[in-house]
Amino acid sequence: MQNFNDILETIQMIQEENLDIRTITMGISLLDCCDGDIDRSCSRVYDKICRQAEKLVPAGEAIEKKYGIPIINKRISVTPVAMVLAASGGNPVKYALALEKAARSCGVNFIGGYSALVQKGFAAGDEALIRSIPEALTVTDRLCASVNIGSTRAGINMDAVRLIGEVVRRSAELTADRSCIGASKLVVFCNAVEDNPFMAGAFHGPGEPDCALNVGVSGPGVVRAALKKLPPDADLTQVADLIKRTAFKITRMGQLVGAEASERLGIPFGIVDLSLAPTPAVGDSVAHILEEMGLSCCGAHGTTAALALLNDAVKKGGVMASSHVGGLSGAFIPVSEDAGMIDAAAKGCLTIEKLEAMTAVCSVGLDMIVIPGDTPAEVISAIIADEAAIGMVNAKTTAVRVIPAIGREIGEELDFGGLLGHAPVIPVNLASPAGFIHRGGRIPAPLQSLKN
């Protein structure tokens, strides 16, 4: 699995096709930090994170130097903070500040886990944490938050859906002077996974070990470059086979980096998440892969079928390259983080309705989509409910990360900088779903949940 000769094949991919390790993410359990006094609990949280992760960034830099493989982000994920808050009570933002301080001390890019799992209802600490998210994301820079509001087993908690729509909008309002960046660091899940290394949705699930190292690979540019070499009359079976072989090579690199980082840090190796995570850089786009298959523009009819082929081929190729594939694994379609999708959205070819259809066959969901600043909270909640329904019925992870562009209108743009990129404001259907959203309660789990 870790034959260095295999890695030599990726040198051109790294130098010319934007191949990288998107993240090495250390997951840390905070369950042993719980205390009835919130200040003592926060102190324990800070101390444990710093103790476990003090060598994470140096280890990543050493691996980069040894193999010449770029590791773009070093990150930390922690136990959903709502669980720790249940023991201590108090102001949840104290935990946000402790996590931010720890992230800065360790030198990581992001820390995730300011999270609550409320798919079946609110436990102690959950609602207080969710209501604190806008403030927490306003007073921090590296903190990321997530909420799981549904699952195939539990159904959809519509009381949480109603609340989170208000929280998304408030997060944007409080950071309106910073391109509404608060909402870009909040993701709402159905069927959230416990070992996801990608932000903003990473948290260290309660079923995980005390500490683990998870790796997220990337490489849309590599897949597109490979497809360019196919003859124009190659059929789709040949396209799928080539994507599988390419995904295998990309995942082998992630396996190597994860195993070495695990050994250097003295913690268990968790999983490789083989998702194709794009960037705003030219040549590093999932949309451009779909266009290389023959679409004139991402969002055209046929886009969902092409994405289904891509997602399946990536999984089939990657799973053969590592014994521990996990996380989300597939193809991401974050609009602001993908150069091809930015262009398609600006042209009006890629709409929110088409993106919703695409999420039925890809890794996650409506990701990094900028919507008009006057979008009501009930409409945001309804967008979340629709995505959760796709995830619940299809027994897959779906997520929503939408950013209301406060003070901006359709056609204007928000620029987040860095990997978060930039995106135009796209229209949404403003017909009111308020009556449906305010009914509350729980959408029952589907028949598919009865698998025992």
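Bear in mind the structure is a predicted one, so any value in this text is a computation, not a measurement. Every heavy atom of this structure was used, including side-chain atoms; hydrogens, water molecules and symmetry mates were not.
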Is a side-chain donor or acceptor of [X] paired with a backbone partner of [Y] at a separation under 3.5 angstrom?
X	Y	result
Glu356	Glu387	no
Arg22	Ile71	no
Asn311	Ala308	no
Asp338	Val286	yes
Ser262	Gly258	no
Gln448	Val393	yes
Glu291	Cys297	no
Arg169	Gly373	yes
Arg75	Gly27	no
Asn157	Val118	yes

Distance in Å, [X] [atom1] paired with [Y] [atom2], rounded so as to fall on 0.5 Å steps:
X	Y	atom1	atom2	answer
Ile426	Leu355	CD1	CG	6.0 Å
Leu242	Thr237	CG	OG1	12.5 Å
His204	Asn196	NE2	CG	13.0 Å
Met293	Leu236	CE	CG	8.0 Å
Ile352	Asp386	CD1	CG	9.5 Å
Phe248	Ser322	CZ	OG	10.0 Å

Would you mind checking if [Y] and [X] are paired as a salt bridge, meaning a charged N to carboxylate O distance below 4.0 Å?
X	Y	answer
Lys229	Glu292	no
Asp312	Lys315	no
Lys65	Glu61	no
Lys347	Asp343	no
Glu413	Arg408	no
Arg104	Asp141	yes

Side chains of [X] and [Y]: does their closest heavy-atom pair fall under 4.5 Å?
X	Y	value
Ile21	Pro70	no
Leu309	Ile243	yes
Ile111	Ser77	no

**OP:** Decide whether Asn191 and Thr152 meet the rule of one side-chain donor and one side-chain acceptor closer than 3.5 Å.
**Re:** yes
Original post:
Does the side chain of Thr140 pick up a donor-acceptor pair with the side chain of Tyr114 at under 3.5 Å?
Top reply: no
**OP:** Return yes when atom NZ of Lys120 has more than 12 non-hydrogen atoms of other residues, nucleotides or ligands closer than 6.0 Å, and no otherwise.
**Re:** no
Shortest non-hydrogen contact from [X] to [Y]?
X	Y	result
Ala321	Thr251	CB-CB, 3.7 Å
Val428	Thr375	CG2-OG1, 3.9 Å
Leu307	Cys362	CD2-CB, 3.6 Å
Ser105	Tyr46	OG-OH, 2.9 Å
Gly165	Ser381	CA-OG, 3.2 Å
Ile403	Ser179	CG2-O, 4.4 Å

Original post:
Hey, which of Asn73, Val217, Ile72, Asp273 is the one that makes side-chain contact (heavy atoms from CB on, under 4.5 Å) with Thr23?
Top reply: Asn73
Subject >> Where at least one partner belongs to residues 296-310, residue pairs that pass side chain to side chain donor-acceptor pair (under 3.5 Å), sequence neighbours excluded >> reply: Thr304-Lys354
Original post:
Which pairs pass salt bridge (charged side-chain N to carboxylate O under 4.0 Å, His left out) with one or both residues in residues 188-200, sequence neighbours excluded?
Top reply: none
**OP:** Using the salt bridge (charged side-chain N to carboxylate O under 4.0 Å, His left out) rule, collect all pairs that involve residues 209-222, keeping only residues at least two apart or in two chains.
**Re:** Lys48-Asp210
Subject >> Partner set under side chain to side chain donor-acceptor pair (under 3.5 Å) for Asn148, not counting sequence neighbours >> reply: Gln119
Original post:
Who pairs with Asp367 by side chain to side chain contact (heavy atoms under 4.5 Å, CB included), at least two apart in sequence or on another chain?
Top reply: Pro334, Arg401
Subject >> Residues in side chain to side chain contact (heavy atoms under 4.5 Å, CB included) contact with Glu263, at least two apart in sequence or another chain >> reply: none
